[in-house]
Amino acid sequence: MPKYQPARSGRKESKFRSQPFIRGPLSAFDNALTQFDRAAKTMKLTKNQIAFIREPRRTTEVKLPVRMDDGSIRVFKGYRVQHNIARGPAKGGVRFHPDVNLDEVKALAFWMTFKCAVIGIPMGGGKGGIVVDPAELSTGELERLSRRFFAEMIDLFGPDRDVPAPDVNTNPQIMAWFMDTYSMHNRGDYLPAVVTGKPLELGGSAGRASATAQGMVFCVFQAADHLGLELHGAKVAIQGFGNAGSFAAKLLREQGCIIQAISDVDGAFFAKEGIDPEHAIAHIQKNRTLKGFEKVASVERLKDPLKLLELPVDILIPAALENQITRKNANRIKAKVVAECANGPCTPEADDILEKKKTFIIPDILCNAGGVGVSYLEWVQNRMGYYWSNERVLEDLKTMMDRAFADVLRTSLQYKVPMRTAAFIVAIEKVVRASELRGLYA
Ligand code: NAD
């Protein structure tokens with residue numbers, strides 16, 4: 001959601017199960033390793049280097065008993081994975097979703113390691129998740145679950161250890177509960193740097209809410225420049241209309257793009273002349289979902305929401321979940337540019353097909369790195385106790401993203417490899433160097 005919203009409350013019907021994901025046997029972690037292996041081969045990494053980096057350093061699974069409003073106790077499952085911390089404390093979001101599993105969290109933590117490295121921030125890779133459909137919980141239940149998760153793994157977290165942030169279905173309010181739980185465990189000290197993506201009133205950073213989409217837009221500027229694509233009038237389709245997707249729609253419309261299609265878990269909507277993102281955001285603020293959007297705006301509801309991915313647009317932005325573009329539908333993707341706001345939306349098989357079609361992919365570990373980029377700036381501001389203006393944050397983010405895009409594009413041209421492999425090469429070099437400089441302890 002573009003604006004900070006209080007946590008979801010007492011809705012008993014689930015809105016996360018109404019649409020099947022393209023998932024099945026696809027393992028996000030296997031896909032992540034394939035991406036890594038492609039870069040490792042190009043770079044001719046040694047067996048030792050590969051062994052050191054491939055597997056996560058620490059994997060934690062916890063049971064989370066929570067008292068529900070009716071007095072019963074429900075036990076949830078939670079995970080935190082720290083993939084690599086050679087370059088700094090683990091950094092990465094916490095996802096609340098019924099499909100969360102260890103394989104997914106490992107993949108997401110893995111991508112965080114390389115995302116932080118590709119944009120050059122001194123942090124490692126982490127990720128967490130709880131197997132839960134938050135739409136089924138009241139606000140009180142959600143708060144107790146969030147606090148129990150943080151308390152259960154309190155020793156893992158810390159400003160110099162592991163710094164979580166929001167991801168799918170988590171928001172600034174949940175970050176505030178994490179921060180408060182951590183602070184209360186530390187004799188009530190005010191310790192905002194343990195988590196980012198907090199509300200502004202609690203040490204959040206200007207520009208954090210829109211940072212993921214803003215970083216993507218900076219990449220799209222560079223890609224358009226490289227490809228000779230005119231952004232004014234460019235047609236865009238966006239899958240997922242949460243934090244990343246809704247800001248992506250707003251920011252690209254401001255650049256003169258035509259947002260032809262948007263979707264969320266409850267459906268996909270199309271308008272040839274363009275959708276006004278503000279209408280869609282207002283609809284979601286009222287109804288918590290895009291369901292029924294076709295009744296209030298002149299848009300068509302797509303019978304098959306996955307067809308959004310196949311529309312003849314210039315820019316396709318997956319901004320929902322993993323494994324959306326696979327060998328089954330990659331051949332039908334028509335966009336010239338795929339800008340991955342989501343983590344892991346394309347499988348390696350899909351990458352190969354898109355590569356043959358000369359689709360320009362801005363890979364997730366580069367494209368959506370603006371979120372962690374501004375999270376890092378939030379962490380820095382928390383530690384200084386001095387806060388920057390939105391303009392200052394935007395300027396720093398632009399510098400980070402432009403430099404990273406240039407590094408990746410140069411590497412892609414130098415090694416004649418796709419942008420994803422190039423992004424991994426840029427990142428792996430930094431992780432390997434830091435690991436070797438540190439050496440092995442004891
Ligand atoms: P969010 O919870 O705010 O929004 C997720 C959106 O995806 C919702 O609109 C939801 O309805 C929709 N969705 C879920 N399943 C769908 C499906 N099958 N088809 C269509 N839409 C579906 O989450 P977010 O923070 O915007 O994250 C979206 C993606 O961006 C995730 O992959 C996340 O890891 C990635 N990401 C987010 C951030 C961030 O700062 N929030 C940073 C980097 C990457």
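On a predicted model such as this, the values are computed, not experimentally measured, just so you know. For ligands, and for the atoms within them, numbers begin at 1 and follow the listed sequence.
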For ligand 1, find out whether one of its N or O atoms is nearer than 3.5 Å to an N or O atom of [X].
X: Asn368; result: no
X: Asn343; result: yes
X: Asp167; result: yes
X: Gln324; result: no
X: Phe241; result: yes
X: Asn243; result: yes
X: Pro166; result: no
X: Gly245; result: no

Heavy atom of Arg95, distance to ligand 1 below 4.0 Å: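 A heavy atom of Arg95 does come that close to ligand 1.
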Within-shell test, Pro305 vs ligand 1, heavy atom, strictly < 4.0 Å: no
Interatomic distance, Arg410 atom CZ to Ile425 atom CD1 [nearest 0.5 angstrom]: 12.5 Å
Of the listed options Gly242, Pro318, Ala244, Ala320, closest to atom 31 (C) of ligand 1 (non-hydrogen atoms): Ala320
Side-chain (Thr170) to main-chain (Val94) donor-acceptor, under 3.5 angstrom: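 Pair found, side chain donor or acceptor close to backbone of Val94.
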Single hit among Arg327, Lys357, Arg420 for salt bridge (charged side-chain N to carboxylate O under 4.0 Å, His left out) with Asp351: Arg420
Applying a heavy-atom cut-off of 4.0 Å, say which part of [X] lies close to ligand 1: side chain, backbone, both or neither.
X: Arg208; result: side chain
X: Ala369; result: neither
X: Ala211; result: neither

How about [X] and [Y]: are their ring centres within less than 6.0 Å of each other?
X: Phe218; Y: Phe405; answer: no
X: Phe360; Y: His226; answer: yes
X: Phe178; Y: Tyr182; answer: no

SB check Glu395 Arg392 (cutoff 4.0 Å):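 No, no charged N to carboxylate O under 4.0 Å.
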Check ion pair Arg54-Asp37 (N to O, under 4.0 angstrom):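 Judged by the 4.0 Å cut-off on N to carboxylate O distance, Arg54 and Asp37 do form a salt bridge.
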Geometric class of the Phe36/Phe114 ring pair [parallel <30°, tilted 30-60°, perpendicular >60°]: tilted
Contact atoms of ligand 1, heavy-atom distance to Val168 under 4.0 Å: 2 (O), 23 (O), 27 (O), 31 (C)
